[in-house]
Enquirer: 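Here it is, the structure, as structure tokens.
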Amino acid sequence: SQTMLWRGFLATCMGVLTIHWLDQLDFDALDFARAKFGTHRDFGLYTDDEANYSRVFWWYFWEVPLFAGLGALGGLLGALFVKVNVRITSWRQKHVPVANRHRRHAEVVLVCAATATVMFLLLRHSPCAPVPLNLRAGSERDAYLPKLDLGDTSAQAFEYGAESKDQIREKFFRKLYCPEGEYSLYGQLFFTPLAKSLKLLVHLGEVGEGAAEAASGERQHMFGMDALFLYFFVMYGLMIWTYGVGAPTGLFVPSLAVGAALGQIYGRGVASIVGAVDSSIPVDLHTYAVLGAAASLGGATRMTISITVLVMETTGSMQLIIPLMLVIFFAKAVGDKFSLGIYDTHIKIRGAPFLIGHEQTGPALDKLRVNEVMADDLVTLKPSPSVAEIVAALTETSHGAFPVAEIGPSAPGEPFELHGTITRGALLKLLQHRVGFQWPDGPDGPRAFHRNEGSFHAGVEGLHKGDKSPSTTTQSPRASGAETAPLAGGAVSAEMDPPRLATSKSLLFERASDRSELIETLKQIPFKAPPITELVKTLTEQERAARVDIRPFMQRHPFIVHADARLSRAYRLFRTMGLRHMYITPSKPQVVGVVTRKDLSEENAALTLGERAADAAAEGLLREDGDAGDALRKKMDAAELRNELFRDRSGNNYDLPFLPYYPGNVDGPEGEGRAARVSDEVLEGGAGA
């Protein structure tokens, strides 16, 4: 349940946080307030002296409540995003409906034009700043890093990739409208894709860019507060407006970028306060950028574990696993107080039948019975209906599935014998590809069942695999006269009596593997079947006069529930099993047996299978003709023969057979006669059944 998930999520977070604190107290309890958490390596990693894993991200114990505050702020911003977007979506449904393609296209053009205009104005009026000294042309990369403990910087690579400093300067420090030797401060964030601006907000400065300016006091931070605030408000407003527009705008990257800017702003505030108290304690703005991104995305979507992993892997911040969990927890907890997540909200707006967790539902589910909400006017199909009957059911209803029965209910709510159920999509594919068709008598005799194994050609002759020769196993249907059924578009087709088959078993497939192969082929067809109104136009008169054997393609054992069961029981079945339909049985159904948990164990199933195989072998031996069969019948009956099969090589007979469901575990070598060979053959067949 979701409640249990949340409790486990929070318990894990607090447990690991406590372990980190205890570990730091054991390492250096006297300097606990200044200790950088996230810098101690696990046993499987190198130490920081050999590899600077934790040079970029760290945090202090006193920052934990600050992280919680950042998460709460992200939850508030996420709730505001959802509320405003709902208002915009409501306006959009009235004035820019999905059905009106021209208005949808015009809105997309308007969004693009507004975005481009805002970005151009910001770039045109952007302030300028000198390019960092270690990125200027002709400068050495390490020449301006004398006071920084960055390890062997000559061996380090820039985070942006194995590019030269000229390429980095031209890509991330663009001149635009600034004089030579300077770059546009706003252009660094606005004149770049969102994914790259997110990368800059999280990582810019961690390999020494601007280090000389920071050491000299000329410039402490890579981004000005004006640029961060402008970026936050502009991108936050565009994210609210564009989510739901008629173009794939996305939410993850915009939300992460907005949150990274929020984290930088929040971290700058924390750094100012800490600097006023003790200037020797450095605050890591990279950490706040990562946590701000997680808070923003968590507040908008309300996802937990997936966001933790996504942000951690996207930014490479494994050291921040605990702060990330705290931030996301508070973002969801605060956001849920004001609204649902953006995805849940849009699911509700569109009326999708999404079932939330049972613990979040009201008392109505426990007060109602299933028969009080069920639909009792069912449309059924016969196991071998005509094409006309299938088309009529598909055109006259919008049902997603149809029960299969020889005789349907005589009145709404009347019980009937259920053979199975078949979905609307399966019926459309059968009609589209002419699978399972049974043709009426022709001039050359009855036609056998069509076996379509993936050759989707048009026409009876191209689809029919067999010849026109008479079939010895299938009797063709015979026309019953003038009885008709309506088709789409006013077309009619003569009805036929159901085919009279020699057995009740479907003759569409000779082997079970053929059926499985065809069903798998139909599932793998990547295209949806066309609507029935279009599909019926492709049916010829000969095809309309055919029947379709739907038994191999129906679900023979659908889920059922008693009519007087509480609605909450059906609700849990739908959620846990992922159901779309469920049939209701009478309150007092007939019972033929009971199965316990022990009966379902793998050992019991293997044991039962072995007993069945041994019984089959014994029965076959006793029916054997000739002297050997007479001798066996005189010697023992079937039960005694089965005991012999279960006797081990020492002559001991056990009450429970020792798993005789594979040939090598049966008494006697293969060369000792007819009995051993037959036993092996039967058991081998049983094992593979």
Side-chain angles (χ1 to χ4, degrees), residues 56-57 70-71 73-78 80-82 84-85 111-112 114-116 118-119 122-123 126 159-160 171-174 184-206 221-245 247-268 285-301 303 306-317 320 324 327-328 331 335 341-343:
V56 178
F57 303 109
L70 180 58
L73 182 58
L76 290 174
L77 290 173
L80 178 63
F81 164 69
V82 173
V84 178
N85 184 260
V111 169
C112 295
T115 303
V118 171
M119 298 302 174
L122 289 172
L123 297 178
S126 169
E159 186 273 334
Y160 317 109
K171 182 180 293 186
F172 300 105
F173 297 85
R174 288 173 173 168
S184 173
L185 288 173
Y186 295 170
Q188 193 175 36
L189 292 176
F190 291 100
F191 195 65
T192 184
L194 273 176
K196 287 187 177 180
S197 63
L198 169 64
K199 181 187 297 186
L200 292 174
L201 286 167
V202 173
H203 293 292
L204 186 64
E206 68 183 33
H221 304 287
M222 294 300 298
F223 301 106
M225 289 294 285
D226 55 344
L228 291 174
F229 273 107
L230 272 175
Y231 185 85
F232 172 76
F233 285 113
V234 170
M235 293 304 171
Y236 186 71
L238 289 176
M239 182 177 70
I240 294 175
W241 182 19
T242 58
Y243 187 79
V245 76
T249 55
L251 178 63
F252 271 57
V253 174
S255 184
L256 290 173
V258 168
L262 173 66
Q264 284 272 358
I265 296 171
Y266 192 88
R268 291 276 289 274
L285 296 183
H286 303 294
T287 295
Y288 281 93
V290 172
L291 298 182
S296 175
L297 187 57
T301 63
M303 296 187 294
S306 57
I307 292 181
T308 303
V309 176
L310 184 148
V311 175
M312 182 181 65
E313 292 184 348
T314 301
T315 60
S317 54
L320 302 180
L324 281 172
V327 164
I328 293 171
I342 187 65
Y343 296 137

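Values in this document were obtained by computation on a predicted structure and should not be read as measured data.
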Enquirer: Got a second to check how far Ile307's CD1 is from Thr301's OG1, nearest 0.5 Å?
Expert: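 These two atoms lie 3.0 Å from each other.
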
Enquirer: Taking all heavy atoms of Val253 and all of Ala195, pick out the closest pair and write down the distance.
Expert: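 So the minimum-distance heavy-atom pair works out to CG1-N, 3.9 Å.
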
Enquirer: Restricting to non-hydrogen atoms, name the atom on Phe57 and the atom on Leu320 that form the minimum distance, rounded to 0.1 Å.
Expert: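 Result for this residue pair: CD2-CD1, 3.8 Å.
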
Enquirer: If we only count heavy atoms from C-beta on, is the Leu185 to Asp226 side-chain gap below 4.5 Å?
Expert: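 A side-chain contact is absent here, since even the closest heavy-atom pair is not under 4.5 Å.
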
Enquirer: Identify, with sequence neighbours excluded, every residue that meets ring-ring contact (aromatic ring centres under 6.0 Å, His included) alongside Phe81.
Expert: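 Testing Phe81 for ring-ring contact (aromatic ring centres under 6.0 Å, His included), a comparison that skips the adjacent residues, returns none.
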
Enquirer: Are Met119 and Val234 close enough that some pair of their side-chain heavy atoms sits under 4.5 Å apart?
Expert: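 Yes, close enough: below the 4.5 Å cut-off.
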
Enquirer: Answer yes or no: is there a side-chain heavy-atom contact under 4.5 Å between Leu285 and Arg268?
Expert: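 In short, these two side chains touch, coming nearer than 4.5 Å.
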
Enquirer: Can you list the residues that meet the side chain to side chain contact (heavy atoms under 4.5 Å, CB included) rule with Ile265, with sequence neighbours excluded?
Expert: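 Listed in chain order: Met225, Leu228, Phe229, Phe232.
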
Enquirer: Decide yes or no for Leu201 and Leu189: does some side-chain heavy atom of the first lie under 4.5 Å from some side-chain heavy atom of the second?
Expert: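 Yes, their side chains come closer than 4.5 Å.
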
Enquirer: Under the rule for ring-ring contact (aromatic ring centres under 6.0 Å, His included), what residues qualify as partners of Phe191, not counting sequence neighbours?
Expert: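 If we apply the ring-ring contact (aromatic ring centres under 6.0 Å, His included) test to Phe191, skipping adjacent residues, there are no hits.
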
Enquirer: What is the minimum heavy-atom distance between Leu324 and Thr308, and which atoms define it?
Expert: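 Where Leu324 meets Thr308 most closely, the heavy atoms are CD1-O, 4.2 Å.
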
Enquirer: Would you give the length of the straight line joining atom CE of Met235 to atom CG of Leu198, rounded to the nearest 0.5 angstrom?
Expert: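 Here the interatomic distance stands at 11.5 Å.
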
Enquirer: If I compare all heavy atoms of Val111 with all of Thr242, which pair ends up nearest, and what's the gap?
Expert: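 For Val111 and Thr242, the tightest heavy-atom pair comes out as CG1-CG2, 3.5 Å.
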
Enquirer: Going by side-chain hydrogen bond (donor to acceptor under 3.5 Å, both in side chains), name the residues that satisfy it together with Tyr231, two or more places apart in sequence or in a different chain.
Expert: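 Per chain and number, Tyr231 pairs via side-chain hydrogen bond (donor to acceptor under 3.5 Å, both in side chains) with Ser197.
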
Enquirer: List the residues meeting ring-ring contact (aromatic ring centres under 6.0 Å, His included) with Tyr243, not counting sequence neighbours, and say none if there are none.
Expert: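 ring-ring contact (aromatic ring centres under 6.0 Å, His included) list for Tyr243, sorted by chain: His346.
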
Enquirer: Nearest 0.5 Å, please: how far is CG in Leu256 from OG1 in Thr315?
Expert: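 That separation rounds to 9.0 Å.
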
Enquirer: Mind checking whether Phe190 and Val118 have side chains closer than 4.5 Å, heavy atoms only?
Expert: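 SC-SC contact between Phe190 and Val118 ruled out.
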
Enquirer: Show every donor-acceptor pair shorter than 3.5 Å between a side-chain atom in residues 288-299 and any protein atom, with sequence neighbours excluded, or say none if there are none.
Expert:
unit_1: Tyr288; atom_1: OH; unit_2: Glu63; atom_2: OE2; d: 2.7
unit_1: Ser296; atom_1: OG; unit_2: Ser255; atom_2: O; d: 2.9
unit_1: Ser296; atom_1: OG; unit_2: Ser255; atom_2: OG; d: 3.1

Enquirer: Got a second to check how far Ile342's CD1 is from Leu251's CG, nearest 0.5 Å?
Expert: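 Interatomic distance, Ile342 CD1 to Leu251 CG, rounded to 0.5 Å: 7.0 Å.
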
Enquirer: To the nearest 0.5 angstrom, please state how far the OH atom of Tyr236 sits from the CG atom of Leu77.
Expert: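 The OH atom of Tyr236 sits 5.0 Å away from the CG atom of Leu77.
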
Enquirer: To the nearest 0.5 Å, how far apart are CG in Leu310 and CZ in Phe252?
Expert: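 One finds 6.0 Å between CG of Leu310 and CZ of Phe252.
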
